[in-house]
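Notes follow the structure.
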Amino acid sequence: MKILFGARYINSIPVLKKVEGNYKKQDIAFVELDVNDISDMTSLKKTTDRWGDESYLSVAEDCMQQSPKNVKRHLYMATAQSDSFEKLDEKKVLGAVVFDEGECQNHIELLQVEPCNLASRGDNATWKKVGGSMVRNLQAIFSNKPMTVFSAGDAIGFYRKTGFVENEANKSGLAYLWNA
């Protein structure tokens, strides 16, 4: 019998938080969810509902259940919550990423920042640099292998800023590679 404890703290990541009209550096938690934990999956569902129609996190649970062979799939979240990770507060989740740890390369399957804090919101966003900080953290943790992503057209600039280059092996124009 497996005893489950919910989301596991990995480390802190630096982001910017709007305080009195100015952005100041603040560390937030980077945690890994356990797809076998009911509380974690409830947190994912509540986060998806809270983010509304702009969220594509609804596919995250399906992604987690359909992990390819020879791949260890992770579900990470960035949260402003500072403790009690066994019960994530959906109001404090700022980003999520489904990440595949493969034998020869790693892959970002899905990455989303809370819609009200997207870079396109400009100075209306309360939090900034969440997505980039999540990607750089994955690059640091999994620095031993190349990392790939199939980018949405409007996210290509974001991935380029985090060190990805167009993957010449894939002619789609949306395949990007980061070399460890």
Side-chain angles (χ1 to χ4, degrees), residues 5-34 39-40 43-44 46-52 54-57 60 73-101 106-165 176-180:
F5 296 100
R8 179 175 66 95
Y9 175 81
I10 304 297
N11 59 10
S12 294
I13 59 174
V15 297
L16 298 175
K17 182 179 183 186
K18 193 174 199 177
V19 178
E20 298 176 6
N22 295 312
Y23 287 96
K24 301 193 187 248
K25 183 180 175 254
Q26 181 171 327
D27 288 340
I28 61 172
F30 191 72
V31 299
E32 182 173 10
L33 276 67
D34 182 342
S39 179
D40 281 1
S43 294
L44 174 61
K46 287 180 177 180
T47 301
T48 301
D49 291 345
R50 184 170 182 278
W51 289 4
E54 293 183 74
S55 174
Y56 48 86
L57 283 183
R73 189 162 274 179
H74 303 271
L75 174 57
Y76 296 108
M77 287 193 166
T79 177
Q81 188 169 330
S82 59
D83 59 13
S84 303
F85 300 118
E86 67 279 357
K87 184 161 177 39
L88 285 178
D89 181 349
E90 71 277 2
K91 294 178 191 101
K92 294 185 177 184
V93 174
L94 303 174
V97 59
V98 176
F99 182 80
D100 293 343
E101 187 180 353
N106 299 318
H107 181 72
I108 295 174
E109 186 68 35
L110 175 149
L111 182 134
Q112 185 171 12
V113 170
E114 181 182 26
C116 66
N117 288 306
L118 291 170
S120 62
R121 304 282 193 238
D123 287 337
N124 293 324
T126 302
W127 298 90
K128 288 188 172 187
K129 307 293 185 185
V130 175
S133 191
M134 288 191 304
V135 170
R136 282 186 292 283
N137 194 46
L138 290 171
Q139 290 168 331
I141 293 170
F142 298 99
S143 62
N144 61 330
K145 292 181 250 180
M147 186 181 305
T148 60
V149 65
F150 289 103
S151 177
D154 61 351
I156 290 171
F158 164 79
Y159 284 109
R160 285 183 175 156
K161 284 181 189 175
T162 56
F164 283 79
V165 295
Y176 280 78
L177 172 71
W178 174 80
N179 277 311

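Nothing here was measured: the structure is a model prediction, and the numbers come from that model.
The distance from the CG atom of Leu44 to the CG atom of Leu33 is 7.0 Å, given to the nearest 0.5 Å. Rounding to the nearest 0.5 Å gives a distance of 4.0 Å between CD of Glu101 and NE2 of His74. Between atom CE of residue Met134 and atom CG of residue Leu111 there is a gap of 4.0 Å, rounded to the nearest 0.5 Å. With rounding to the nearest 0.5 Å, the separation of CD1 in Ile28 from CZ in Phe30 is 9.5 Å. Put simply, OH on Tyr56 and CG on Leu110 are 5.5 Å apart, with the number rounded to the nearest 0.5 Å. A distance of 5.0 Å separates CD in Gln112 from CG in Leu57, rounded to the nearest 0.5 Å.
The side chain to side chain donor-acceptor pair (under 3.5 Å) search around Tyr176 returns Arg160, not counting sequence neighbours. Under the side-chain contact (heavy atoms from CB on, under 4.5 Å) criterion, Ser43 pairs with Leu88, not counting sequence neighbours. With sequence neighbours left out, the side chain to side chain donor-acceptor pair (under 3.5 Å) criterion links Thr162 to no other residue. Residues forming a side-chain contact (heavy atoms from CB on, under 4.5 Å) with Ser84 (at least two apart in sequence, or on another chain): Gln81, Glu86. Applying the ring-ring contact (aromatic ring centres under 6.0 Å, His included) test to Phe158 and every residue at least two apart in sequence or in another chain returns nothing.
Taking all atoms of both residues into account, the shortest heavy-atom contact from Val98 to Ala60 is CG2-CB, 3.9 Å. Here the shortest heavy-atom pairing between Asp40 and Asp34 reads OD2-N, 2.7 Å. Minimum interatomic distance between Lys145 and Trp178 (heavy atoms only, all atoms of both residues): O-CZ3, 3.9 Å.
Between Phe85 and Tyr9, the ring planes are parallel. Angles under 30° get that label, and only those over 60° would be called perpendicular. Relative orientation of the Phe164 and Tyr159 rings is perpendicular, given thresholds of 30° and 60° on the angle between their planes.
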Which donor-acceptor pairs under 3.5 Å do side chains of residues 13-26 form with protein atoms, sequence neighbours excluded?
from, atom 1, to, atom 2, distance (Å)
Lys18, NZ, Asp123, O, 2.3
Tyr23, OH, Asp123, O, 3.4
Tyr23, OH, Ala125, O, 2.4

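In this structure, the side chains of Ile141 and Asn11 come closer than 4.5 Å at one or more pairs of heavy atoms. Between Glu114 and Val130, every side-chain heavy-atom pair lies at or beyond the 4.5 Å cut-off. Inter-residue side-chain proximity for Lys46 and Val93 is flagged as unmet; no heavy-atom pair is nearer than 4.5 Å.
Thr79 pairs in a side-chain contact (heavy atoms from CB on, under 4.5 Å) with only one of the listed residues (Glu90, Lys92, Lys91), which is Lys92.
Under the 3.5 Å distance criterion, the side-chain polar atoms of Arg121 are left unmatched by any main-chain donor or acceptor of Thr126. Checking side-chain atoms of Ser39 against main-chain N and O of Lys87 turns up no donor-acceptor pair under 3.5 Å. Between the side chain of Asn117 and the backbone N or O of Trp127 there is at least one donor-acceptor pair closer than 3.5 Å.
The local environment of NZ in Lys128 is crowded, with over 12 non-hydrogen atoms from other residues, nucleotides or ligands closer than 6.0 Å.
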message: Under the criterion side-chain contact (heavy atoms from CB on, under 4.5 Å), I'd like the reasoning laid out for Leu138 against Tyr76: C-alpha separation, chi angles, the key distance, then a yes or no.
response: CA-CA 10 Å; Leu138 290 171; Tyr76 296 108; 3.8 Å; yes
